[in-house]
Asks: 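One structure follows; several queries about it will come next.
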Amino acid sequence: MRKTVSHTSAESINREHRKALYAGPFSIVPRYFMIPAAIGFLFILGPLVALLVNMPFAKLDSIIDEEVLGATRLSLYTASISTLICGVLGAPLALLLSKVIDRSRVKAVGNVLYAVIYTPIIFSPVVSGLGLLFFWGRKGMIGAWLYEQGVRITFTTTAVIIAQVFVALPFFVASAVTTLQAIPKEYEEIARVEGASPGEITYKVLLPLAAPGIFTGFLLSFARALGEFGATVTFAGNVKGKTETIPLNIDLAISGGTMSSALGSALMLISLYLCVFGLIGLFRFVKHMRSAASRR
């Protein structure tokens, strides 16, 4: 009798469990959350739609002039170099933070380093530009000595790249650190037991496993570098052919009352962002297909 009651209770619990699982998508989150969620989505979607609606697609030849193309070429050039620099500097930084400092006795120091590295994300871009000016400028901490050696940084293409690295590097580090921290420690221990050196563990175990996050970090850094404005205009100025990237060209066109040129630059920038999103989507699709193939 007790077994029958126990069996019946178990079946009842299982039915209730299955019922809870298939109760629908709003069995966990209240339905009224749809209202603020929809408002938040429309808050972002509205300006994007308004921009596309006012884009004169039928007059692309007139809005995409030589000045717009020049700003686009400069943006691609500087953003590509700054992204590579972010990778060269960011990957070792992420490895040290996630695999050395976070496991040492000075982990508290790591928290301070994280705070410093992510500061450009929090800072106003103009404040970031002032910091760069006081460090790399003609009378800056490093810039004064460089100027004496005949090296000028401010109001040059080099200044644009430095500004882009300053604001984009935290995005690369954040993406790489998150991926490296997700790698099980057992992989490192197995490689160490097999006699692998620190270099072999890094290049043959950690970096290949962290490749998806590092790739995402490259794309995020590139996108951030493309859209950089405040720090660049404060530190590098707006010099045509040298520092006039797409965002600066948009600002100059609006100030000069040539809205067509501003829309042309905006269209080029949106196109580049769509390419970045497309690469992220393609990478995730390939990753999903490989995972599906490995499970077969």
Side-chain angles (χ1 to χ4, degrees), residues 75-103 107 109-123 125 128 131-132 158 160-185 187-188 191 198-232 245-247 269-291:
S75 292
L76 288 173
Y77 172 73
T78 56
S80 298
I81 293 178
S82 63
T83 301
L84 289 175
I85 295 174
C86 285
V88 172
L89 302 179
L93 189 55
L95 282 164
L96 288 175
L97 286 170
S98 61
K99 299 300 179 181
V100 179
I101 296 178
D102 282 354
R103 298 178 181 178
K107 188 176 181 179
V109 177
N111 296 330
V112 176
L113 293 177
Y114 280 118
V116 173
I117 292 169
Y118 296 151
T119 295
I121 299 177
I122 304 170
F123 265 10
S128 298
L132 292 170
T158 303
V160 176
I161 296 172
I162 292 175
Q164 291 176 347
V165 171
F166 182 79
V167 300
L169 184 58
F171 290 88
F172 183 93
V173 174
S175 179
V177 165
T178 301
T179 305
L180 287 167
Q181 289 176 339
I183 298 175
K185 192 176 180 180
Y187 292 124
E188 308 165 30
E200 290 173 328
I201 295 174
T202 297
Y203 290 109
K204 296 183 179 180
V205 178
L206 295 178
L207 290 180
L209 291 174
I214 292 175
F215 180 75
T216 302
F218 273 118
L219 292 179
L220 291 175
S221 299
F222 183 75
R224 181 64 186 89
L226 278 177
E228 166 50 33
F229 172 76
T232 302
T245 56
I246 296 178
L269 192 59
I270 292 172
S271 301
L272 292 173
Y273 281 145
L274 289 177
C275 291
V276 172
F277 288 136
L279 287 173
I280 293 176
L282 178 62
F283 182 77
R284 289 182 175 178
F285 175 75
V286 172
K287 181 182 176 182
H288 173 74
M289 294 299 293
R290 287 182 176 179
S291 299

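Computed from a predicted model, the values in this text were never measured in an experiment. Along the sequence shown, the residues carry numbers beginning at 1.
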Asks: Tell me the closest heavy-atom pair linking Thr83 and Ala79, and the distance in Å.
Replies: OG1-O, 2.6 Å

Asks: Mind checking the CG-CZ spacing from Leu282 to Phe277? Nearest 0.5 Å is all I need.
Replies: 15.0 Å

Asks: For Phe218 and Val276, what are the C-alpha separation, side-chain angles and deciding distance, and is it a side chain to side chain contact (heavy atoms under 4.5 Å, CB included)?
Replies: CA-CA 10 Å; Phe218 273 118; Val276 172; over 6 Å; no

Asks: Under the side chain to side chain contact (heavy atoms under 4.5 Å, CB included) rule, what do Val100 and Leu95 come out as? Steps first, then yes or no, please.
Replies: CA-CA 7 Å; Val100 179; Leu95 282 164; over 6 Å; no

Asks: Under 4.5 Å between any side-chain heavy atoms of Thr245 and Glu228, yes or no?
Replies: no

Asks: If you count the non-hydrogen atoms of other residues, nucleotides and ligands that lie under 6.0 Å from OH in Tyr273, is the total more than 12?
Replies: yes

Asks: Quick one: closest heavy-atom pair of Leu180 and Lys99, and the distance?
Replies: O-NZ, 3.0 Å

Asks: Can you tell me how far apart CG (Leu279) and CG (Leu274) are? Round to the nearest 0.5 Å.
Replies: 11.0 Å

Asks: Calculate, to the nearest 0.5 Å, the distance between atoms CD and OG belonging to Gln164 and Ser80 respectively.
Replies: 9.0 Å

Asks: Would you give the length of the straight line joining atom CD1 of Ile101 to atom CG of Leu93, rounded to the nearest 0.5 angstrom?
Replies: 8.0 Å

Asks: Would you say Ile246 and Leu272 make side-chain contact, with heavy atoms under 4.5 Å?
Replies: yes

Asks: Determine yes or no for a side-chain-to-main-chain donor-acceptor pair under 3.5 angstrom, with Ser221 supplying the side chain and Cys86 the backbone.
Replies: no

Asks: Using distance only, find each side-chain donor-acceptor pair of residues 114-122 under 3.5 Å and give its atom names and separation, not counting sequence neighbours.
Replies:
residue: Tyr114; atom: OH; partner: Asp102; partner atom: OD2; Å: 3.0
residue: Thr119; atom: OG1; partner: Ala115; partner atom: O; Å: 2.7
residue: Thr119; atom: OG1; partner: Val116; partner atom: O; Å: 3.2

Asks: Which distance, rounded to the nearest 0.5 Å, do you find between the CG of Leu89 and the OG of Ser82?
Replies: 11.0 Å

Asks: Within a strict 4.5 Å, meaning less than it, do heavy atoms of the Thr179 and Ile214 side chains meet?
Replies: no

Asks: Rounded to the nearest 0.5 Å, how far does CD1 of Ile162 lie from OG1 of Thr78?
Replies: 12.0 Å

Asks: Only distances under 3.5 Å count here; give the side-chain donor-acceptor pairs of residues 165-178 to other protein atoms, sequence neighbours excluded, each with its distance to 0.1 Å.
Replies:
residue: Ser175; atom: OG; partner: Gly213; partner atom: O; Å: 2.6
residue: Ser175; atom: OG; partner: Gly217; partner atom: N; Å: 3.4
residue: Thr178; atom: OG1; partner: Ala174; partner atom: O; Å: 2.8

Asks: Are any side-chain N or O atoms of Gln181 and backbone N or O atoms of Ser98, one a donor and one an acceptor, separated by less than 3.5 Å?
Replies: no

